[in-house]
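Lettering of chains follows the sequences in order, A, B, ..., and the numbering in each one begins at 1.
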Number of protein chains: 2
Amino acid sequence: MLRLSKKADYALMAMKHLAEKGGASSTSAREIAEQYDIPIELMAKVLQRLVRAGLLVSTQGTRGGYMLSRASEAISLAAVIEAIDGPFTVTACSTEKHDCEQYGKCSIRFPLWRIRERIAAALGTVTIAEMAAEQVAVAAPVAHAAVVRR
Amino acid sequence: MLRLSKKADYALMAMKHLAEKGGASSTSAREIAEQYDIPIELMAKVLQRLVRAGLLVSTQGTRGGYMLSRASEAISLAAVIEAIDGPFTVTACSTEKHDCEQYGKCSIRFPLWRIRERIAAALGTVTIAEMAAEQVAVAAPVAHAAVVRR
DNA sequence: CTATATCCGACCGTGATTGTCCGAGTTTAT
DNA sequence: ATAAACTCGGACAATCACGGTCGGATATAG
């Protein structure tokens, strides 16, 4: 539960890949797909959505491909995930849309909206650039906490 | 995306309800179900899982029902959600299980595990008691942030 | 002009999620 | 003792989102 979709995974991998290459050279969908064993056609679909969301720019034709539209420091994980899966809502009823059977009776909206904000903040602060840099910091002391349990 | 299941919603509603009643009186599944327009049988099933997870205790027979097993201050949202949906993993590959096709090639594990910890922390700190108390604090200044967009 | 690339929409199979049904065991009240 | 009200547990059907596939249109390089 609370797992993000595979498309979102693929999107993050692609973004990180493009961030590492950087520069002005565009990368084809095939190249990325092959590198991570992702179905080409699906990878393309994901990339297209990222273009539509304004996170990537694409050039058509031979030697075409995809490039980051802006610096990787200016792209948050939240932006990528929302581009693929749509705005993430913890509850069926969001702040604006309340298409839920028991909206009237429901008593847990407000507490849940609060924790939604916290999750949004967690995803909104981390950038693609940080994610790309992390590779080196694999052995970083993360303090696994005791939250895991089971 | 990242939405929690309806069963988890129902579980939280029930827990909050029981927390508000408090005391030593047990409440039947029917009573809770009717109050929030939840299918009785489904509500019962959810409550059973909460019993098995040790969050509730049940008494059988006429006048039977469910009660919190411990103080509502000692029950986190994370405990309830995990009891219903199982341990939440943001990625397909968790710390222990890595049953993912592209585990070797994957480059985004560690960054995502980090944010998983943050989400776990957010859910682990909030208790049922706080959620029940929140009702009063509806108009609290939550600072909606600009994360919503779209 | 031809080959190669992105682009875009439509389509389908599968698995998880939701919800329903039924039977069995238990306790209380009449 | 009998009936009623409740918990327990599994099995089952319907729905739906998700992952993945296919075909065609379009644009670019050589």
Exercise for the section: Using the closest heavy atom to pick a nucleotide of DNA chain D for each, name whichever of A:K45 or B:E41 lands nearer the 5' end. Expected result: B:E41
Practice task
Could you tell me whether a side-chain N or O of A:T59 sits under 3.5 Å from a main-chain N or O of A:G65, the two making a donor and an acceptor?
Solution key: yes
Practice task
Spell out, as yes or no, whether a donor-acceptor pair under 3.5 Å connects the side chain of A:R118 to the backbone of B:R118.
Solution key: no
Practice task
Could you tell me whether the phosphate oxygens of C:dG19, OP1 or OP2, come under 4.0 Å of any side-chain nitrogen or oxygen in B:K7?
Solution key: no
Problem - Below 4.0 Å: OP1/OP2 of C:dG19 and any side-chain N or O of B:Y10 - result: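 Answer is yes, contact under 4.0 Å.
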Using whole Å, report how far [atom1] of [X] lies from [atom2] of [N].
| X | N | atom1 | atom2 | result |
| --- | --- | --- | --- | --- |
| B:D37 | C:dG19 | CG | P | 12 Å |
| B:M43 | D:dC8 | CE | C1' | 15 Å |
| B:Q48 | C:dC21 | CD | C1' | 14 Å |
| A:R49 | D:dC18 | CZ | C1' | 10 Å |
| B:L4 | C:dT17 | CG | C1' | 14 Å |
| B:R3 | D:dC18 | CZ | P | 9 Å |
| B:D9 | C:dG19 | CG | P | 10 Å |
| B:R63 | D:dA3 | CZ | C1' | 16 Å |

Problem - More than 12 heavy atoms from other groups under 6.0 Å of CZ on B:R30 - result: no
Which nucleotide wins on minimum distance to the side chain of [X], given the candidates [options]?
| X | options | value |
| --- | --- | --- |
| B:Q60 | D:dT26, C:dT20, C:dG25 | C:dG25 |
| B:S5 | C:dT18, D:dG9, D:dT7 | C:dT18 |
| A:L42 | C:dT20, C:dT26, D:dG19 | D:dG19 |
| A:T62 | D:dT28, D:dG19, C:dG9 | D:dT28 |

Might you list the N or O atoms of the protein lying below 3.5 Å from N or O atoms in nucleotides 13-15 of chain C, with each pair's distance?
none

Practice task
Check A:L18, A:I84, A:I75 against A:L50 for a side chain to side chain contact (heavy atoms under 4.5 Å, CB included) and give me the one that passes.
Solution key: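 Among A:L18, A:I84, A:I75, the one meeting side chain to side chain contact (heavy atoms under 4.5 Å, CB included) with A:L50 is A:I84.
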Exercise for the section: Look at A:E31 together with A:K21 and state whether they make a salt bridge at an N to O cut-off of under 4.0 Å. Expected result: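 Salt bridge present between A:E31 and A:K21.
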Handout entry: Pairing of A:K16 and A:E20 as salt bridge, 4.0 angstrom limit
Key =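 Answer for the salt bridge query: yes.
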Practice task
Classify the nucleic acid contact of B:A29 as base, sugar-phosphate or nothing, counting any heavy atom under 4.0 Å across all strands shown.
Solution key: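 Since only primed, P, OP1 and OP2 atoms lie under 4.0 Å of B:A29, the category is sugar-phosphate.
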